[in-house]
Amino acid sequence: MVTRRHFILATGATALLATTGIAIGAEAAAEAPVSGGSLTWAVETEPSTLNPHLNGQAKAKLILRNAYEGLLARTPEGGYVSWLARSYSISDDGLEYTFKLRENVSFSDGEKFDAAAVAFNLERVKDVTYSTGNSSGHLTHVREAVALDEHTVVIRLARVYSPFLDGVSGIEILSPKSFSSSQLKSGGPEIAGTGPFIIDRYVKGQEIRFVRNPNYNWAPENAGHQGPAYLDEVIYRFLPESAVRSGALSSGQVQVIEGVPGNDAGLFRDDPEFSYQTAINTGTPYTLYLNTHHGLTADLTIRKAFQASIDVDQVLQSVYRGERLRAWGILTPADTDFYDRSIEGAYGFDVKLANRLLDEAGWSERDGDGFRVKDGKRLTIEVVQSQATVRDQRDILLQAVQAQARQNAGIDIALQYVDAGTYTTRQKDGQYGIIPNSTTTQENGVTIYFHYLPRDKGGSINYSRTEAPQVSAWLDEAASTLDPKKRFEIYAKLQRYAIVEQVLGLPLYVPDDQIAASGEVKGVGFRPFKRLPENAYDIWLQQNA
Amino acid sequence: MTADNVTTLGHAPVASYRRRHFFARGGLPLQVLGRIGSGMLVLWAAVTLSFISVQLAPGDIVSLLIGEQIRTPEVEAAIRAEWGLDQSLFEQYVAYLARLLHGDFGRSYILQTDISALVSSQMLPTLKLTVAALAVAIVYAVASAVLTAGKRIPRSIAGGLELTLISTPTFWLGILLLYVFSFTLKIFPVSGDRNLSALVLPALSLGLSLGAVLGQVLREGLERALEEPFALTVRSWGASDFVLRLRHGLRHAALPAVTLAGWLVGNLLSGAVITEAVFGRPGLGRITVDAVLSHDMPVVLAVAILSALIYVAMSTMVDILYLLLDPRLRSDAGRAKT
C-alpha cells in the first residue's frame, strides 16, 4: 500500500534528484521511479545466520544489507562517502579515527542510533567470544572505541594499520538492545538495524521477507535516491538449483535471480524482455595454491613446470564458453586499489618449457599411463577441494586442468573432494599438494595478508604455506603506511614474487556475480566498488500501462 | 496355513510375531512394557553410537569453527567454552544425554539456532511431503496393480512405465515436472511450502518412483492371489472381476508390499533431500545434508536420533498393520495360544 506520506517522500526525493542533477542513468531519467509493489528475488545461497557480524558468506550480503548498514559507503573509484557517518578524519600519526555520525537516525526497533551504540557495537565485535573472529579481524589493532559526544566516535589504534578504514566502515551497526535478544546468534526479526527494509518473516529453507522501513532517510550519499525504499516488500526465495531459478524467472514466478550459469546466460541476455548483468568480484581470483612445504610441489621446478603445462585460456573457453574472465594476479582486476595489470602475460602456457624443466629434474621416464616417473614414483600432485564449496562448475574446471597437465606434461593431478572436517584437518596439517580457493569479501589488500603471512602470524589461509621473510617484511611495511601509492608498489612486487618467480599459485579465473531480471524491474544492480549484488533499496517496478 | 501363498518377504514378520506372542504369555501389559523397553534400548544405543561416530569423524571441531579466521589461543578458548568442548568427552556425553531427556538437542554450530526449534520447524514440511508422496505411491501402485494384473498387454505397458520411473533420477524427474507443469503450462508454482498446489509436483517426483516399485510387487502378489482356489470360489458367487481384485485379491497381495513400503518410507528422507533442493522446499533432508557437508555435528546427531525414533515407530506400525490386513495371522496367533 502506498500511503500519502510515502508518496510525498518519493516525489520529494525525485524532485531533489532532478534539481541537484545527480546522474541516475538515461532510462531512469526518462521515467520517474514509482513507489510500491512487491518483488520476489530467487537467490542461490541461504544465509547460515542472519546476524551480519557472524555471517561470513559473501553471497548472503545482498540480503543482509537490506536491514543492516555501516558507517561509510564506497565509491566506484575506491573513495569513501557518508552513510551512517556524516564524515570521518584520521589523525596525522594514523592512530586515531574520528567519525561524525548522522543525526536523526533510528534503529527499526525504535532505539536511537548514536555514538554510544557505535562504540558498543565495535566493542562487542572485537570480543571474540561473541563474533568468534568473523568480523573481529579488522578490529585486532583497536585499543579503544569511545563515544566523545552523542554524535562523535573516536577509535584509537595500537599501531598504524592501513586496511582499517575499509574494514571498520563496513561493520554493520546493530541496535544495542539486540545484543540481549535470544536471537542474537541466529539473527532474525528481533535483531534491529538501520536499513531501508526490516526483516518481517524468515522461513528456513524457503524464503525471507522484508518490509519497507517507512522512517528511512539516511541512504549512502551515492545511492540512486534518498528517502524510503520504493518497494513495499521484497521476498528472497532460496532456490539452490540454477536450472530451477532460470525457469522460475522465465515463467514469471520470480522477478529477479542471481547466479546464472554460463549455459543460461544467453537465454536472458538476448531476450529484450529481460535484463542481464554481470560484475567481476573483488578479492582473490579462483587460484590453485601450490603447497611449498609438502610433497613434490615443494620443488620450485615442478611448480614452474605445472604452471607452464596448463593452457588456462583454452580450459576456460571449453568449460565456461567464454563467460568467465581469465585471472593473472594475486588480486582480481576489480580491486581497483591495488591490482597491478603488468602481471598480465608475464607468464603463461609453454609446453616445451614444462617438459624441459621436468626432463632436467630427472622426471624423464613415463609409466604405462603416460605419467612421468622418477625412481619408481609417479609425478602426482594431490588437489584437495572441499565438497561444500564446489560451485560455478569448478569441479569440471578442475577436471579440465587435470586433463591438460596429463596431456601436456605427464603430470598426474589427483582430485580429492573431501568433507568439511577432512578439509580442515588437511589444511591445518599441510597434507595436500594443491588447494584451490577464491575469496570475495576481504578488500583493501586484507586478503593478501591472510594469504601470504606465515600461518602463525595471521596468514590464516596461507595455502601455499610460504614463510619467505621478505614477504612478511613487505606486508608489514605496507600495513604501516597510509600512502596508497606506496602500498600499491609493495603489493605489485609481492605479486611478481608470488606468481611469476615462486609460483605459489596459478590463478585461473575471476569469479563474478550475475543478475537476470524481468523487464519491469528497474534499478537492480551491483554495489559500487565491492561489486556484489546490491540490496533492494533502489529497485522499483515499472507499471505496465 | 501353507507357505505357498505368502512370498518370502512375508515370512520374517509372521515368524517374529509368533515368537513375540509366545513370549507374551505373561500378559499384555508386560508385553507392552517389553516393547517400550526394547524401543528405549534401541534409541539409547542409537544415541550412543551416533555420539561416538560423530567423535570419530575426521576434523577437529574447534579448527572447523575457527575456519579461515586468524587462530589465536583466546579465540580457541572462547570457542571451547561456548560449546562445552572444554569438558572431557564422557562429561560431554552425560551432559548431552541429560539435555536430550529434556528435549534439548543443543545449538547448531553453523546455523547458531536452537536445534529442537530448527528440527520441529522443518519436520512439518517434510512430513507433508512424505505423506503426500506416500499417497501418490499407494494410489499409483493400487491402480496399476488392479487394472493390469494378469492382462498381458496393459501389464507390459505398465511394467515398462514403472521401469522407466524407477530408473529416472528424482532430480531429473523433478526438473522435468517443473519444466512441463510449472515453467511451460504454469499450473503449479515452482517452490516453497505455501499451499497445497505447491505440494503436487514435489510429491509426484518423490512418490512416483516409490509407487513404481510398490506397483510391481503388488501386481506380482495380485497375480498369485488370482490363481488361488479362493479366487475361483469368489467368482462362483457371481462377483465381478473388479470386486474380486479390489476386495479379495488385494488384501492377499498387500503383505509384501506393506513390508516394502515400511522400509521405503524410511528411505523417503534421503529422497526428500534432492526433492527439497530442486523445489526450494524447507525440510529435514536439506538441513541434514547441509549439516553433514559443513560438519555441523549437533544437527547431524539430532537427525540421526530422530531417524532412529522414526524407524522404531515405523517397524511397530508395520507389525500392527500386518494384523489388520491378514486375519490368518490373528487366528494363527489364537491357535498358538491354546
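We use all heavy atoms of the structure for the numbers below, so side chains are in, but hydrogens, waters and symmetry mates are not. A note on names: the letters A, B, ... follow the listed sequences, proteins ahead of strands, and every chain is numbered from 1.
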Quiz prompt | Rounded distance (nearest 0.5 Å) linking atom OG of S121(B) with atom NZ of K204(A) | solution = 8.0 Å
Self-check item: Within 6.0 angstrom of F274(A) CZ, more than 12 heavy atoms from elsewhere
Solution: yes
Quiz item: Would one find more than 12 heavy atoms of other residues, nucleotides or ligands at under 6.0 Å from atom CG of L196(B)?
Solution: no
Self-check item: Pick from G283(B), P125(B), G280(B), S108(B) with the largest number of heavy-atom pairs that fall under 4.5 Å of chain A
Solution: G280(B)
Quiz item: Looking at L111(B), D114(B), I110(B), L178(B), which makes the most heavy-atom pairs under 4.5 Å with chain A?
Solution: L111(B)
Does any part of the side chain of [Y], heavy atoms only, come nearer than 4.5 Å to the side chain of [X], both counted from C-beta?
X	Y	value
P240(A)	R286(B)	yes
E241(A)	F171(B)	yes
D419(A)	V292(B)	no

Exercise. Counting only heavy atoms closer than 4.5 Å, note whether Q183(A) contacts chain B via side chain, backbone, both or neither.
Key: neither
Quiz item: Measuring heavy-atom distances to chain A, does I175(B) have an atom under 4.5 Å in its side chain, in its backbone, in both, or in neither?
Solution: side chain
Exercise. Answer with side chain, backbone, both or neither: which region of S294(B) has an atom nearer than 4.5 Å to a non-hydrogen atom of chain A?
Key: backbone
Self-check item: Donor-acceptor pair, side chain of Q112(B) and main chain of T49(A), under 3.5 angstrom
Solution: no
Practice problem: For chain B, find which of G187(A), G252(A), A248(A) contributes the most heavy-atom pairs closer than 4.5 angstrom. | Solution: A248(A)
Practice problem: Looking only at non-hydrogen atoms, find the nearest pair between F183(B) and S251(A) and report the distance. | Solution: O-CB, 3.4 Å
